[in-house]
Colleague: 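One structure coming up, written as structure tokens, with questions to follow.
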Amino acid sequence: MQSEMLQLRRRGLTIGFVPTMGALHAGHLRLLAHARRQNDRVILSIFVNPTQFNQRQDFTRYPRPFARDARLARKASADYLFAPTAREMYPPGHQTTVEAPALARRWEGAYRPGHFRGVATVVTKLLALVQPTILYVGEKDAQQARLIEQLVEDLHPATRVIVVPTVREPDGLAMSSRNTRLSPTERRDALVVFEALQAAGRLIKSGECRRGVVLRRMRTVVARAPSARLEYAAVVDPRTLEPVTVARGQVRLLIAAWIGRTRLIDTLRVRCQRPVRCQG
Ligand code: PAF
């Protein structure tokens with residue numbers, strides 16, 4: 001992979017890279033479309049990274065429709081599909097990992113210990129192998145996107161990061177590989193995740209951002225669905241991902257909820273016209 005990419009670079013070609021864990025959906029295809037438009041060559045990687053799963057069962061249950069993914073990659077005009085094995089990415093005796101930055105401590109980091117160390121490590125390895133001009137990630141995984149931006153800022157690979165807005169189903173559910181695990185009833189219930197974000201967004205725009213009030217509203221919306229359980233919800237600064245005390249300009253809403261045995265996350269950016277107090 002490295003020597004192939006080196007040859008592209010020597011020829012002065014730009015490389016757009018979309019790292020994934022497969023089970024491709026319209027969100028990934030949007031990333032590939034951006035990469036296609038902006039680069040000479042497009043690389044898609046599929047690697048279900050074992051080190052970022054904090055539960056063995058979540059890793060084994062992760063969907064792996066490889067043949068379908070390969071067809072979709074071809075249809076999206078990807079030039080290369082890079083699908084290394086776990087043994088190639090983590091050869092016996094490997095020792096080095098990449099410690100996740102402070103902005104990985106809260107939210108997903110708190111509920112999925114070790115997850116972001118796994119993400120930071122595999123993304124660093126993939127960057128070393130592919131050496132892309134531009135790396136594309138989805139906005140839905142907002143904390144992961146910030147972590148990757150920070151990693152690139154801190155470790156200086158010659159790569160730019162582009163965060164592409166979330167693609168949603170017509171009813172609002174954010175595209176995710178995990179959606180395939182939802183039963184038809186759970187699929188209906190899953191709508192409360194985006195509805196809770198929208199309800200909180202409306203509150204904040206109307207001038208109400210107190211943590212207790214926003215959380216209560218989101219919890220009430222999520223509770224409408226029998227199979228749903230809120231894990232966390234937060235109003236944060238889009239760059240630091242720390243809870244905001246006074247919302248000025250843009251804030252980011254984060255949510256994680258269980259729908260039956262499937263954990264979904266989503267996010268929404270909200271623009272405040274005037275400063276809104278969020279404490280209390
Ligand atoms: O978002 C994902 O699919 C993964 O976390 C990533 C960035 C490909 C690293 O394994």
Side-chain angles (χ1 to χ4, degrees), residues 18 20-34 62-63 65 72 76 107-108 111-112 136-146 162-209 211 213-236 238 241 244 247 249-273 276 278:
V18 179
T20 78
M21 298 206 297
L24 302 183
H25 52 67
H28 295 120
L29 299 183
R30 171 85 53 94
L31 301 182
L32 285 169
H34 274 263
Y62 203 84
L72 286 173
W107 323 125
E108 289 303 286
Y111 284 91
R112 304 180 65 191
Y136 296 84
V137 285
E139 184 189 358
K140 180 180 75 71
D141 299 293
Q143 196 173 9
Q144 168 174 281
R146 267 299 296 128
I162 292 189
V163 182
V164 177
T166 306
V167 179
R168 297 184 181 279
E169 301 276 6
D171 59 10
L173 181 68
M175 297 277 182
S176 163
S177 306
R178 291 169 197 269
N179 293 353
T180 57
R181 293 188 198 162
L182 300 168
S183 70
T185 320
E186 288 171 348
R187 171 65 186 75
R188 269 196 305 280
D189 283 357
L191 287 182
V192 294
V193 174
F194 186 49
E195 285 167 3
L197 287 175
Q198 286 178 306
R202 281 193 297 273
L203 261 186
I204 294 171
K205 279 189 174 154
S206 75
E208 176 58 85
C209 183
R211 192 181 136 75
V213 180
V214 174
L215 264 176
R216 212 172 309 127
R217 176 64 58 89
M218 289 173 100
R219 200 162 273 136
T220 308
V221 174
V222 171
R224 282 187 208 142
S227 68
R229 180 173 59 81
L230 184 68
E231 195 160 74
Y232 66 77
V235 185
V236 300
L241 302 184
V244 291
Q250 290 237 341
V251 294
R252 183 173 284 290
L253 298 174
L254 301 174
I255 186 168
W258 286 92
I259 309 293
R261 288 173 61 212
T262 305
R263 187 172 181 277
L264 300 180
I265 61 171
D266 202 350
T267 184
L268 190 68
R269 258 174 311 167
V270 180
R271 178 163 284 289
C272 311
Q273 305 302 341
V276 180
C278 300

Colleague: Answer yes or no: is there an ion pair linking R112 with E231, defined by an N-O contact shorter than 4.0 Å?
Modeller: no

Colleague: Is the CZ atom of R261 crowded by more than 12 outside heavy atoms at less than 6.0 Å?
Modeller: no

Colleague: Would a 4.5 Å heavy-atom cut-off, applied to side chains only, mark M21 and S177 as touching?
Modeller: no

Colleague: Is any side-chain N of the basic residue among R30 and E139 closer than 4.0 Å to the acidic one's carboxylate O?
Modeller: no

Colleague: Using a 4.5 Å cut-off on heavy atoms from C-beta on, say whether the side chain of L264 contacts that of R178.
Modeller: yes

Colleague: Should V18 and H34 count as side-chain neighbours, where that means a heavy-atom distance under 4.5 Å?
Modeller: no

Colleague: Without swapping roles, check the side chain of T166 against the backbone of A174 for a donor-acceptor pair under 3.5 Å.
Modeller: no

Colleague: Which pair of non-hydrogen atoms, one from K140 and one from S176, has the smallest distance, and what is that distance?
Modeller: CE-CB, 3.9 Å

Colleague: For residues H25 and E169, determine if any side-chain heavy atom of one lies less than 4.5 Å from a side-chain heavy atom of the other.
Modeller: no

Colleague: I'd like to know if the side chain of D266 and the backbone of V193 have a donor-acceptor N/O pair within less than 3.5 Å.
Modeller: no

Colleague: Check whether any side-chain N or O of Q143 sits under 3.5 Å from a backbone N or O of E108 as a donor-acceptor pair, and report yes or no.
Modeller: yes

Colleague: Between W107 and A234, what is the shortest heavy-atom contact and its length?
Modeller: CH2-CB, 3.4 Å

Colleague: Got a sec: does the CZ of R211 have more than 12 other heavy atoms crowding it under 6.0 Å?
Modeller: no

Colleague: Give, for atom CZ of R202 and atom CD1 of I204, the distance between the pair rounded to the nearest 0.5 Å.
Modeller: 11.5 Å

Colleague: Do V276 and V251 come within less than 4.5 Å of each other through their side chains, counting heavy atoms only?
Modeller: no

Colleague: Tell me yes or no: SG of C272 and SG of C209, less than 2.5 Å apart?
Modeller: no

Colleague: Please round to the nearest 0.5 Å and tell me the distance separating atom CE of M218 and atom CG of L254.
Modeller: 8.5 Å

Colleague: Are I259 and R263 close enough that some pair of their side-chain heavy atoms sits under 4.5 Å apart?
Modeller: no

